[in-house]
Amino acid sequence: MEFRQLEYLVAVADHGGFSRAARQCFVSQSAVSHQIAALEKELGAELFERAGRRVRLTDAGESLLPRARELLRQRDEAIDAVRPRPDRIRLAANMSFARSALAAASDVRERHPEAEIDFLIKPFAQRIAAVKSGEADLALIRGRLDEPGLYLEPLWVDNPLIAFATRHPLAALERAPSTAELARYPLLLPPPHQQVLLHRLVDKVFTADGLEVLLGPEIRDDHPVAFELINNPEGWTLLYEDPRQPGIASRPAPGFTLPVSAVLRTDATPNPLVAELLVELSNGYRRA
C-alpha cells in the first residue's frame, strides 16, 4: 500500500470518477486506474463499483476511505513537523528559561507578525535529541556540550540565586553569604542524577575555596523547593529564578556562574528568524 494509491482512492471518491480524479491529481486516467487496481489486488477486495462512467464505493471502499484520509493527514503532519519553515521557530527549553525566551520572542514577533515561535518544554536530554532530529531549531542549555553534529552559540552567563527560609541564620545578612558561611549549613538539591549541573557547580566553587559541601536531604520530584526550605530552615539551595514566595529569601551568588548557550545543528538550513532570536537572547534578557 502506497500513499499515492490512497491519494487516488480519496480523489476518485471525492470527485466521483477516475477521469476527474486524474485531472485533480495531474496524472493520466490510466495511472489512477492502474494504482487503484493494484491496491484492490493487494487488499483482495474491490473498492469501487464501476458502471459505465458512474463510480461508487463498495462496502470495502467505504471502510477504507476514512482510514485513508487519516493516514494522509498523519503523513502531512509528519512532513510539516520536520520541514524547514522560514516563518517558524521551534525553541526547546525548560521553564527556567521561559521569561528570557518570552521576552526575546516577543521582540522578534513585533518585527515579524507572521512568525510562529513554539516553546517546547523538554528536559535536557530530550532538548538535545529534538535539535538532532530536527524537531527543534534550537535549544537553550546551561553548561557545556560535546555532541557530534551540534554546536553551541554562547548567549549569556547565568548567576543562580542562593535561597533559604527567612528564618535561616544567614537571612539577616544584607549581602550574599560567603562559601565559608554556607559551608556550615546543609545544601538542599535534587539527587545528582537529576541535577548534575548544580551539583558540579557547587563542588567546583567550594573546592576552589578549599571547602566541602554539607549535603542535606535530597529534594524529590513531588516536593516543591519552597516547602523543602521551610521544612528545613537551616538548609539552603541554588535557584535559577527568584521564587518571590512568602517565607523564602534569596541573595545573589556572584561566585556561582553558568554559561547559557543555544544548541544548533551544524548542517541546519540558515534561518534569519533564528538568527534574530539569538541576537535578542544575547542582548541581555536576563533575570531581573
Side-chain angles (χ1 to χ4, degrees), residues 2-4 6-7 70-160 193-201 204 240-241 257-288:
E2 300 177 6
F3 281 122
R4 66 172 173 171
L6 298 180
E7 288 176 345
E70 177 61 18
L71 287 170
L72 293 172
R73 184 190 66 78
Q74 291 183 11
R75 177 204 61 181
D76 293 342
E77 285 187 355
I79 293 172
D80 186 61
V82 299
R83 177 187 291 147
R85 282 179 46 186
D87 62 342
R88 181 185 182 191
I89 302 175
R90 296 158 299 175
L91 169 63
N94 62 19
M95 285 305 296
S96 68
F97 290 114
R99 185 183 303 179
S100 300
L102 179 61
S106 178
D107 272 13
V108 172
R109 285 272 292 128
E110 282 187 14
R111 293 192 296 273
H112 303 279
E114 76 289 352
E116 178 183 341
I117 303 177
D118 297 334
F119 188 76
L120 312 177
I121 301 174
K122 294 180 180 292
F124 183 89
Q126 291 183 22
R127 273 176 266 166
I128 305 307
V131 176
K132 290 189 74 170
S133 69
E135 178 190 355
D137 298 294
L138 71 159
L140 297 181
I141 67 164
R142 295 178 178 89
R144 307 295 179 187
L145 179 72
D146 185 12
E147 189 80 19
L150 303 178
Y151 72 97
L152 292 182
E153 182 74 25
L155 296 176
W156 72 84
V157 175
D158 231 356
N159 289 102
H193 70 276
Q194 293 181 7
Q195 191 51 270
V196 176
L197 201 57
L198 288 182
H199 277 277
R200 287 179 178 173
L201 177 62
K204 177 183 176 182
Y240 294 125
E241 296 283 346
T257 58
L258 287 168
V260 174
S261 303
V263 181
L264 301 108
R265 283 174 52 177
T266 55
D267 63 348
T269 303
N271 185 331
L273 275 183
V274 172
E276 283 196 43
L277 183 64
L278 290 172
V279 169
E280 296 298 346
L281 285 166
S282 63
N283 267 348
Y285 288 108
R286 314 290 184 269
R287 181 186 57 249

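Quick note: residue numbers are just sequence positions, from 1. A quick note: this is a predicted structure, and the numbers were derived from the prediction, not measured.
- By the 6.0 Å contact criterion, CZ on Arg73 is enclosed, its count of non-hydrogen atoms from other residues, nucleotides or ligands being greater than 12.
- Distance CG/Leu120 to CG/Leu91: 7.0 Å, rounded to 0.5 Å.
- The cationic group of Arg142 does not satisfy the cation-pi geometry with Phe124, failing either the under 6.0 Å distance to the six-membered ring centre or the 45° limit from the ring axis.
- In this structure, Ala93 and Arg127 approach most closely via the heavy-atom pair CA-CD, 3.5 Å.
- Between atom OG of residue Ser100 and atom CG of residue Leu140 there is a gap of 8.0 Å, rounded to the nearest 0.5 Å.
- Within a 6.0 Å radius of CZ in Arg200, other residues, nucleotides and ligands contribute 12 heavy atoms or fewer.
- Leu281 places none of its side-chain heavy atoms less than 4.5 Å from the side chain of Phe97.
- If you take CG on Leu201 and CD on Gln195, they are separated by 10.0 Å, rounding to the nearest 0.5 Å.
- The minimum heavy-atom distance between Ala98 and Phe119, with the atom names listed, is CA-CZ, 4.0 Å.
- Between Leu273 and Arg88, the shortest heavy-atom contact is CD1-N, 4.2 Å.
- Listed by first then second residue, pairs satisfying salt bridge (Lys or Arg N to Asp or Glu O under 4.0 Å) with a partner in residues 258-277 read Arg111-Glu276, Arg265-Asp267, not counting sequence neighbours.
- Leu264 pairs in a side-chain contact (heavy atoms from CB on, under 4.5 Å) with only one of the listed residues (Val274, Leu150, Asn271), which is Val274.
- Between Leu72 atom CG and Arg4 atom CZ the span is 13.5 Å, to the nearest 0.5 Å.
- Looking only at distances, a side-chain donor or acceptor of Asp137 sits under 3.5 Å from a matching main-chain atom of Arg90.
- The CG atom of Leu277 sits 4.5 Å away from atom CD1 of Ile89, with the distance rounded to the nearest 0.5 Å.
- A side-chain contact (heavy atoms from CB on, under 4.5 Å) with Leu258 holds for exactly one of Val157, Asn159, Leu198; it is Leu198.
- To the nearest 0.5 Å, atoms CG (Asn94) and OH (Tyr240) are separated by 8.0 Å.
- In plain terms, the two heavy atoms of Leu152 and Leu145 that are nearest each other are CD1-N, 3.7 Å.
- The minimum heavy-atom distance between Leu155 and Ser261, with the atom names listed, is CD1-C, 4.0 Å.
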Quick one: do Val108 and Glu280 satisfy side chain to side chain contact (heavy atoms under 4.5 Å, CB included)? Show the steps, please.
-> CA-CA 8 Å; Val108 172; Glu280 296 298 346; 3.9 Å; yes
Check step by step if side chain to side chain contact (heavy atoms under 4.5 Å, CB included) holds for Ile117 and Arg109.
-> CA-CA 8 Å; Ile117 303 177; Arg109 285 272 292 128; 3.9 Å; yes
